[in-house]
Each structure stands twice: as structure tokens, then as C-alpha cells.
Amino acid sequence: VAEDDESLGAVYQEVLEARFHRVKRVAGVAETLAALEETDVALLDVQLLDGTAWDVLDRISSPHPQFRVALVTAVATAPPERWSHLPLFVKPLDRAGLEHALDAAVDFRTFGESTLIPPEGGVTGWLERLLLADEPSPLVSIPITLGVLAITTLLMYAIKEEAFGAISAGYTVVVLMVAAFAGLRVGIGAAVLAFVLYDYFTIEPYFTFRIARAELVIDLFSFLAAALIGAFLVGTARRLARHRAAEAAVSRLRLRLLAETMQSKPADLVETATRVIREELSPGTRLELIGDQAPPWVHAADLSRARSERRLVESTWGERPVLLQPAGSDGMVLAASPDAPRLGDLDRRLLSYSVGELGRLLEKAELMEEAASVERLRSQDEAKTALLAAVSHDLRTPLSSMKVAVTAMLGDDIPLTEEQRRRLLETVNVEIDRLAGMVEHLLDLSRLEAGVFRLDREPVDMAKVVWQATDRVRLSSGRVIDVAADRETEVTGDSVRLLEVVTNLVDNASRYSAPATPISVSVRSVADRVLLTVEDQGPGLTEDEVAKLFRPFIRSGSSRGGSGLGLAISRSVVEALGGTISVDSKLGRGTRVEVALPKRMPT
Amino acid sequence: VTARSVLVVEDDETLGRLLMDVLSAAGHRTRLAQSQAQALAEVEKEPPDVFCLDIDLPDGTGWALLDELDRRQLPVGQVIVATAGMDAGRSRRRPDTYVLPKPFPIDSLLRLVAGEEAPAI
């Protein structure tokens with residue numbers, strides 16, 4: 001693991017060691033190069049302490065043949081062309097992501113070599129396909145082999161006088177072709193049978209197994225040895241090639257699954273994986289997730305066996321093979337059946353991998369859902385705690401003002417003028433209103449959260465709302481507010497609440513921008529939405545501040561008498577009416593808040 | 001009562017103005033800063049005898065302000081921390097720092113500013 005961040009490297013190490021890998025951690029380029037000597041898989045952070053992963057890769061001269069690389073980067077930039085074949089993962093990696101990265105490293109071969117052999121064209125391709133095709137059933141291959149041998153024997157019998165030398169070569173070719181077409185066992189059988197036919201029909205005395213001339217004995221047994229060795233070699237090559245093809249097909253599927261499900265949410269993880277698997281399996285293959293209702297092509301007995309034994313069960317339906325793989329909780333079972341009467345070993349490998357992997361993904365999706373719901377509860381809990389802390393803090397501030405004012409008036413150690421007394425009382429009065437407003441807002445917020453906040457659904461003309469709101473703020477703040485309004489800006493909603501929302505937005509703009517700068521408000525009709533924007537030329541907000549904007553009680557900059565609840569409530573109201581609210585702010589330029597509400601359609 | 005120079009660092013406008021009014025009525029010289037930056041500027045101009053310090057400031061905490069003052073080697077003098085949170089533990093790090101939990105009666109503050117005995121916390 002080459003990672004310059006100490007704590008992240010430690011996490012990687014922990015996760016990898018939990019999977020029984022031996023981990024060496026490095027941070028710099030030279031250190032990484034030294035460590036690669038004894039490394040099978042390198043997980044390289046692109047940005048290292050004193051260089052990049054590309055520096056490392058460029059300096060590796062001859063890696064040992066098992067060496068694999070996966071790259072992790074914090075910034076999604078394209079790697080240099082020469083390294084673009086390496087798997088690249090973007091941080092943050094969760095535990096599953098890290099494991100994916102490792103798997104991908106092991107699956108990809110680095111340095112330009114691919115495990116996936118590209119298909120050949122032409123005759124080579126045809127031969128390759130012949131080698132890779134399923135072995136035909138013996139019921140088919142044995143009669144064909146016998147027929148071919150019979151025809152060959154007829155031919156050989158006809159030419160035995162003129163071209164005796166060609167007989168041995170002719171039989172050899174036939175045996176090799178049979179081995180290539182029907183596999184090792186039928187090939188060996190064909191070799192032995194050809195030996196018998198050769199002797200019986202074409203060696204004098206004909207129609208006997210006796211051999212008249214001694215040199216022909218050598219000839220005959222040389223043929224047998226050559227045919228057996230040939231059949232064995234071709235049959236074995238066939239088996240190995242098929243094994244490799246099966247592994248390549250599985251690798252291909254695994255890589256596609258990795259790549260395409262990596263970013264999936266739990267909800268569509270299984271759907272994506274199923275689509276990929278369907279694309280990779282031969283067309284017509286049945287693949288079904290069975291809950292309570294089993295399809296007619298699945299035997300109930302085998303289904304319950306798969307459920308109780310929790311393992312892959314091979315079943316049949318009529319002629320067709322059926323694989324049953326238990327998956328997820330609740331006794332779900334994946335059933336797969338190829339569109340063929342037999343399950344060749346290649347198909348069996350791919351199909352059993354497919355149902356196995358899909359089963360694992362189903363379980364993973366369930367776990368992810370569960371984790372997400374726990375996370376939701378946890379964050380709700382956190383929000384509650386934060387709210388409580390903020391409430392106690394924010395309620396104390398007006399209380400402080402009131403306490404100071406009242407104790408100043410009660411005590412006799414401060415000489416107060418009549419005018420000063422009046423101002424203190426006024427302060428108390430204002431702070432009481434502020435507290436009352438906060439409590440009201442808090443109640444609104446809890447009603448909104450509990451879903452018992454009542455919103456009227458009546459036609460509301462947003463242009464009217466905007467005029468009213470801007471009039472209010474103009475009166476209280478004396479600010480210049482430009483208003484631009486379209487026609488047809490009617491939405492369905494609660495006029496009182498919407499007026500509060502708009503007033504709150506305009507009020508915020510006036511509170512947090514210099515008094516001399518203008519505020520512009522517009523309400524426009526765009527397609528099926530009514531867009532309301534409030535723009536100020538205030539100091540603007542950082543991204544961090546924008547993110548906090550809608551959280552209850554977080555105020556931007558110094559407090560200017562707001563409750564800190566307005567935006568949280570505004571957003572809840574807008575969202576309850578099917579709309580959205582967004583903030584666009586640039587430091588030094590100003591802030592622009594946009595509210596989009598669904599337009600009321602004339603019925 | 002000796003008149004002292006007090007810097008009120010408080011981002012809540014109402015409370016800030018109120019403290020200014022009452023402290024000046026009690027005969028002290030007062031200035032108001034609504035953020036760390038403003039407070040630093042005020043201290044650079046003229047270090048106060050007493051800080052009346054809010055902890056929750058828009059551009060950092062009051063504790064950070066004190067650290068910054070130390071870093072710039074500006075005189076800090078007496079510090080009265082007025083906080084709505086639970087910051088009492090922090091004050092032990094500095095001598096001459098008192099924590100007033102909000103809401104507080106004005107005479108506690110006045111006694112502290114005047115340099116009289118600190119109230120029990």
C-alpha cells in the first residue's frame with residue numbers, strides 16, 4: 001500500500017490484514033520502488049509524498065510476472081495514456097471499494113497484457129471455436145465418429161494397393177479431428193478403432209488381424225502410438241482451452257460487475273448486476289429470483305433443499321438443467337436455467353458463478369440497506385442533539401439581554417437616567433418578542449418534522465406574494481428592493497406560509513448585505529415551474545456556510561436578531577409543496593436564493 | 001468605582017449594545033467588537049483593561065481570540081467570559097479568567113469589571 005496519508009494507510013492495512021493479506025505500507029516513490037521487489041499486488045495512491053504513482057510505474061523495469069497494480073486517486077483525472085489500462089479508483093473508498101480495488105488489481109494483468117484473449121478471425125478462429133464448443137453428447141459424437149471411420153476405411157481399402165503409405169497419415173488426421181471435435185475420450189477410442197480397422201482391412205492378409213510382413217507390424221504400432229499421442233494432445237489442449245475460455249468468461253463478467261455496480265446504490269445494485277449478468281449469459285437463459293411463488297420450471301422439492309441446505313443445488317426441469325442458489329435472507333432462491341438440454345462445463349462454470357455472485361450482491365444490498373437505515377437513525381439522533389444544544393444556546397442569548405437589563409434597573413449601584421431606563425425596557429420588550437418568535441418557529445419545525453404541519457392548498461399568485469413581502473421588508477429596513485414579476489405565476493400552496501417564506505428570504509438579504517446595495521427579487525414563469533429568486537450584493541458565503549444554511553439555528557456571520565430557524569422552516573414549507581430551494585453564493589459578490597414551485601395548471 | 005476600559009466582544013447586537021450602555025452608565029469606558037477580527041483591531045489600537053468575551057463568535061471562538069492575542073504578544077489583562085455553552089473547564093488554563101454563564105445578573109459582571117472578588121461559579 002503506497003499512501004502518503006498515514007491514517008488512511010493504516011485503515012487500508014487493517015482492512016487488508018483482516019482479509020489475511022500481508023501488507024507493507026510505504027509513502028514515498030523510492031520507498032515504493034524498493035518495496036515492489038516482494039509485492040504481488042500494489043495499491044498505489046496516485047499522489048505520493050514526493051511524486052506520483054506514474055513516477056513509480058515508469059521506473060519499474062521488469063516486474064515479476066505475478067505483479068498487479070490498482071490505483072487510488074483523490075482527484076478523478078485521467079491517467080497518462082500508457083497507464084490507462086490500469087484500474088483506477090476514486091476516493092473515498094469504503095471497505096467494499098477497497099476490496100473491489102484489490103480484486104480488480106488481481107484480475108487485471110498490468111503492463112498491457114490482458115487475460116482476455118481476443119477472438120481470432122478466419123480459419124484459426126473457426127478452429128478455435130471448434131475447440132471451444134461444447135463437447136457433443138456421446139450419442140451424437142460416437143455415431144458420427146463411427147461413420148467417418150467407416151468412410152475412411154472404405155477409401156483406404158480402395159487405395160491400399162496404390163498408396164499404402166497414405167493410409168497411416170489418413171487415419172491419423174481423422175483421429176486428430178475426432179479428438180478436436182469430440183474430446184479426449186472419444187479421440188482415444190477412435191485411435192484404437194482406427195488401429196483395428198487399419199489392420200483388418202488394409203494389411204495383408206486382408207480381413208484378418210494377422211500381419212504377413214514384419215515391417216508392417218512396426219508401421220502399424222507406430223501409427224497406434226502416433227494416433228494415441230495425437231488424440232491425447234489434442235484432447236488435452238481442448239480441455240485446457242475450454243477451461244481458460246470459461247475462466248475468461250467469468251473474469252469478464254466479474255470485471256463488468258465490479259465496474260458497473262461499484263457506484264450503485266443499494267436499491268439498484270441487484271438490478272444492475274442482473275442486467276449485466278443477462279448480457280453476459282447466452283440469450284434465452286432463464287434467471288429468476290424466487291420468493292414465495294416458484295415458477296413452474298422449478299421443482300418444489302429441490303427448491304426447499306436449496307433453502308434448507310443453503311447451497312447450490314442442481315435440478316432439472318424435463319430435459320433442461322436448473323441451478324438453484326440460495327440468496328439473501330427470507331429464503332430467497334435464484335434459479336437459472338440455460339436454453340439448452342445440457343449444461344456444458346463452460347456454461348456450468350459461468351452460470352454457477354453468476355448465481356453465486358448475484359446471491360452475494362443480494363446479501364450485500366440487504367446489508368447496505370440495513371446500514372443506511374441505521375445511519376439515518378444515527379444522523380437524526382445527531383441532529384436532535386445538535387438542535388438541543390443550539391436551542392439552549394440561542395434561547396440563552398435573549399435571556400441574557402433581558403437579565404442584564406432587568407438587573408441593571410433593579411440594582412441601585414448604577415445611576416440610570418430616565419431615558420436609559422426606557423431603552424432597557426424597550427430591549428426587554430424586543431427580546432421577549434424574539435424569544436416568542438423562536439419558540440413559535442421551534443414548534444413549526446417540530447410540527448414539520450412530525451408531519452403534522454398543516455399547509456393550505458389554495459391558488460396563490462406568487463407575484464402578489466412577492467409584492468407584499470418586499471413592501472414589508474422595505475418598510476422595516478428602508479432598503480431599495482427591485483422587483484421583476486412575470487404573469488402567470490400561480491402556484492398551489494399556503495398563502496400565509498409562502499408570504500413568510502418570501503419575507504424571510506428578502507429579510508435575510510437585507511440583513512446580510514450593506515444598506516447601500518440593492519436587493520433584486522424576481523418571480524418568473526418557466527415551463528411548468530414558477531421560479532422565485534432573491535439576490536443580494538452582500539459578502540457572499542463559503543461553500544461550507546451554504547451547506548450549513550438550512551440547518552436550524554446556524555446563522556451566518558454575526559447575529560442580527562433572526563431566530564436562525566427561518567431558512568430551515570422555509571425549506572420544509574417549499575419542499576412540502578413539491579418545490580425546491582437552492583442557494584448560489586460567491587464570496588465578495590453576493591448570494592442568490594432560488595425557489596422553484598410547481599406551477600398551478602388551469603383545470 | 002475606578003473607571004476601567006472594557007472591550008465587549010459579543011456578536012449578538014442587542015446584548016452587545018446593552019452591555020455597553022450599562023457598563024458606561026456604571027462609569028466605565030467601553031468599546032464593542034462583534035467579531036474576532038474587530039476585536040483584534042480594537043486591541044491593536046488600545047489594549048483594554050478588561051475583556052468581556054463571548055465564546056461563540058462568527059469567525060472563531062473567544063478562546064481562539066485569546067490564543068491569537070497571545071501569539072501576537074498583545075496584553076490580555078483580565079478576561080470575563082460570558083458564555084451560553086459549557087466552557088467553564090477552559091478557563092482553568094488561564095489565570096485571571098472568569099466564566100459567567102449566560103444569563104447572568106449585571107452586578108456579577110460589574111463586580112468582576114471593578115476588580116472585586118469573583119462570584120462563585
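Sequence lines set the chain letters: A, B, ... in the order given, protein chains first and strands last, and positions in each chain run from 1. Bear in mind that the values here come from a model prediction, so they are computed numbers and not experimental data.
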Side chain, backbone, both or neither of B/Leu109 within contact of chain A (heavy atoms, under 4.5 Å): neither
Contact residues of residues 417-428 of chain A (partner chain B; heavy-atom separation under 4.5 angstrom): A/Gln420, A/Arg423, A/Leu424, A/Thr427
Heavy-atom pair with the smallest gap, counting every atom of B/Lys102 and A/Arg396: O-CD, 3.0 Å
A/Ser401 to B/Asp12 - nearest heavy-atom pair and separation: OG-OD2, 4.3 Å
Listed partners of A/Asn429 passing side-chain contact (heavy atoms from CB on, under 4.5 Å), at least two apart: none
Residue A/Leu416 versus chain B: region with a heavy atom under 4.5 Å: side chain
Residues in residues 38-47 of chain B near chain A [non-hydrogen atoms, under 4.5 Å]: none
Members of residues 15-25 of chain B whose heavy atoms come closer than 4.5 Å to chain A: B/Leu15, B/Leu18, B/Leu19, B/Asp21, B/Val22, B/Ala25
